[in-house]
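All heavy atoms count here, side chains included; hydrogens, waters and symmetry mates do not. Keep in mind the model is a prediction, meaning the values are calculated, not measured. Letters A, B, ... are given to chains in the order of the sequence lines, protein chains preceding strands, and every chain is numbered from 1.
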Number of protein chains: 2
Amino acid sequence: METGGTPPHDDGERRFLDGYDPRAFAPTAVTVDVAALTIRAGTPCVLLTRRSAPPQRGWWALPGGFVRAVDGPEGPADPDLPDAALRVLSEKTALPSELHLEQLRTYGARDRDPRMRIVSVGYLLLAPGLPEPHVGRGTDAAEWVPWSELGHGDGARSGRPLAFDHARIVADAVERARSKLEYTALATAFLPPAFTITALREVYEAVWGTRLHNANFHRKILATPGFVEDTGELADRGGSGGGRRPRLYRAGGAAVLHPPLLRGAQ
Amino acid sequence: METGGTPPHDDGERRFLDGYDPRAFAPTAVTVDVAALTIRAGTPCVLLTRRSAPPQRGWWALPGGFVRAVDGPEGPADPDLPDAALRVLSEKTALPSELHLEQLRTYGARDRDPRMRIVSVGYLLLAPGLPEPHVGRGTDAAEWVPWSELGHGDGARSGRPLAFDHARIVADAVERARSKLEYTALATAFLPPAFTITALREVYEAVWGTRLHNANFHRKILATPGFVEDTGELADRGGSGGGRRPRLYRAGGAAVLHPPLLRGAQ
DNA sequence: TTGAGAAAAACTCAACTTGAGAATAACGGG
DNA sequence: CCCGTTATTCTCAAGTTGAGTTTTTCTCAA
């Protein structure tokens with residue numbers, strides 16, 4: 001998928017680059033901010049940290065940090081933006097081996113940070129049952145916070161207010177997750193390697209905030225080629241209450257659902 | 001939709017900001033690159049310019065340029081990223097009053113530009129029948145180039161090779177346009193204010209590169225609430241050949257199509 | 001051992017949507 | 001006025017969906 005690197009330079013190019021001074025340029029910083037979403041006990045949550053240093057000390061914010069442009073005392077340069085996103089997140093919580101990371105959007109309004117012009121690349125990360133976070137540098141708290149405590153993208157009206165424009169980034173992350181559930185097999189990113197159809201339905205219900213018709217959901221999932229594969233095993237049921245033991249499935253190869261599973265419907 | 005600006009600063013914040021030196025930071029530059037798509041005589045095209053200065057002099061590239069972080073000799077700062085995108089594009093071609101601009105993705109691999117670490121925010125712009133472009137600063141040619149000449153996102157294999165990772169940006173732009181046609185009313189962004197159902201179908205056929213069933217497309221468009229509105233007028237048919245005069249429609253209020261118009265189908 | 005309750009999975013059927021093609025309507029030009 | 005052409009409407013079989021019911025396979029407690 002890559003474009004094969006940069007083309008070879010002629011002599012003019014080399015002379016030009018030798019005389020190039022990056023410091024002559026306008027000061028702009030690039031950061032990454034990660035909206036890590038997971039489902040804990042049926043409640044969809046996002047990871048937030050509390051800032052212990054200015055600017056906006058004491059406000060809750062997404063895990064984030066400056067992209068390392070070059071090797072330096074802080075550590076080696078980030079080869080690409082996703083590397084920076086995983087690095088800043090790994091300072092807050094242990095990352096599982098299976099995770100879904102995708103770029104969300106880039107935020108660059110002139111006044112979004114009081115220090116200087118800062119352009120921030122937002123990332124969406126989905127993973128099953130992430131553990132309790134730990135407090136990292138520059139923060140004095142880290143928590144999984146239910147989406148419901150953050151208002152519904154209607155600005156800073158309700159619940160816990162967030163630093164900078166992070167409420168907007170969370171709203172974009174939630175909307176992206178909701179809409180990708182419709183036409184991709186992304187829901188499996190919230191689940192462990194083997195899961196039941198009911199667990200899959202509960203992901204849809206938690207993320208969309210709706211109830212779905214049990215039997216029709218079952219039929220639709222099994223009729224969609226490549227969404228799930230039967231493992232041939234049954235879940236062993238430790239808990240209370242009776243009930244037939246459900247089959248276990250794993251994520252299938254398909255990334256895109258044809259036809260999609262629409263939200264409007266039930 | 002905005003988050004209400006930054007919160008008020010306490011005295012600690014103010015002291016911190018007074019002592020803050022932006023120049024102390026690692027040198028990273030931020031650019032915007034615009035993939036402007038339009039349909040010319042039934043052929044979907046993208047606007048390309050030829051670079052007349054290093055790096056990669058002589059290669060074709062998307063219109064782009066550095067985001068202006070602060071007011072300076074070059075001009076005032078760009079208030080936000082979309083402003084920068086429109087500014088760099090307006091140096092190449094006259095912009096119509098109605099256009100669709102959306103952010104695509106941000107590209108930040110360490111080696112994507114030989115000068116320094118450059119993070120580029122890609123934009124997708126759609127507009128109906130844009131005029132011939134003009135040659136701007138730093139370029140010696142500007143052309144509307146059919147997508148078909150650029151290969152199909154399979155790297156630099158076929159056709160005209162592009163500078164930096166611009167082949168990838170164009171491929172992302174084309175894929176975004178193709179998939180948004182499915183579930184939004186975006187197709188009308190390629191058309192003038194009043195258009196016929198046939199013209200709308202030809203947009204789908206040009207962008208998707210498929211043929212659609214005439215009568216079924218007609219039925220589906222009219223059955224989708226808010227996609228198009230009848231103007232009550234008929235197109236005046238000057239040209240050759242006979243045929244019933246088609247009705248003229250304008251874009252309706254709906255942004256999202258429920259249910260979507262799927263590509264897989266005919 | 002057995003029956004009640006529970007959860008999963010399969011089945012039923014009417015209503016709706018889609019794909020494919022045919023029919024009808026409205027035009028321009030000989 | 002007849003013909004080719006394009007737009008628009010109609011028909012119908014096949015497929016999909018929404019809603020509810022039935023069957024299967026469990027646990028638990030009497």
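Under a 4.0 Å N-O distance rule, the pair A:Arg176/A:Asp172 does not qualify as a salt bridge. A salt bridge does not link A:Lys92 with A:Glu143: every distance from a Lys NZ or Arg NE/NH1/NH2 to an Asp or Glu carboxylate oxygen is 4.0 Å or more. The pair B:Asp83-B:Arg87 does not meet the salt-bridge criterion, since no charged nitrogen lies less than 4.0 angstrom from a carboxylate oxygen. Salt-bridge check for B:Glu175 with B:Arg263: passed, with a basic side-chain N closer than 4.0 Å to an acidic carboxylate O.
One can find a donor-acceptor pair under 3.5 Å joining the base of C:dA20 and the side-chain atoms of B:Asn216.
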Just distance, no hydrogens or angles: give the donor-acceptor pairs under 3.5 Å from side chains in residues 194-201 of chain A, sequence neighbours left out.
| unit_1 | atom_1 | unit_2 | atom_2 | d |
| --- | --- | --- | --- | --- |
| A:Thr196 | OG1 | A:Ala199 | N | 3.0 |
| A:Arg201 | NH1 | A:Glu205 | OE2 | 3.3 |

Can you give each donor-acceptor pair under 3.5 Å made by side-chain atoms of residues 245-253 of chain A, sequence neighbours left out, with the distance rounded to 0.1 Å?
| unit_1 | atom_1 | unit_2 | atom_2 | d |
| --- | --- | --- | --- | --- |
| A:Arg245 | NE | A:Ala235 | O | 2.9 |
| A:Arg247 | NH1 | A:Asp230 | OD2 | 2.7 |
| A:Arg250 | NE | A:Glu229 | OE1 | 3.0 |

Residues 38-48 of chain B, side-chain donor-acceptor partners within the protein, below 3.5 Å, at least two apart:
| unit_1 | atom_1 | unit_2 | atom_2 | d |
| --- | --- | --- | --- | --- |
| B:Thr38 | OG1 | B:Ala127 | O | 2.7 |
| B:Thr38 | OG1 | B:Gly129 | N | 3.3 |
| B:Arg40 | NH1 | B:Leu130 | O | 2.7 |
| B:Arg40 | NH2 | B:Glu132 | OE2 | 2.6 |

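DNA chain C is contacted by A:His218, A:Arg219 of residues 218-228 of chain A, taking any non-hydrogen atom closer than 4.0 Å. For DNA chain D, the residues of residues 244-251 of chain B within the heavy-atom distance limit of 4.0 Å (strictly under) are B:Arg244, B:Pro246, B:Arg247, sorted by number.
Across all strands shown, B:Thr198 has heavy atoms under 4.0 Å from sugar-phosphate atoms exclusively, and none from any base. B:Asn214 comes within 4.0 angstrom of a nucleotide base, judged by non-hydrogen atoms across all strands.
Here ring-ring contact (aromatic ring centres under 6.0 Å, His included) pairs that include residues 174-194 of chain B, with residues two or more places apart or in two chains, are A:Tyr183-B:Tyr183.
When both pairing distances are held under 3.5 Å, D:dA30 makes a Watson-Crick or G-U pair with C:dT1.
Each of B:Pro259 and B:Leu234 lies near DNA chain C, and the nucleotide nearest B:Pro259 is the one positioned closer to the 5' end.
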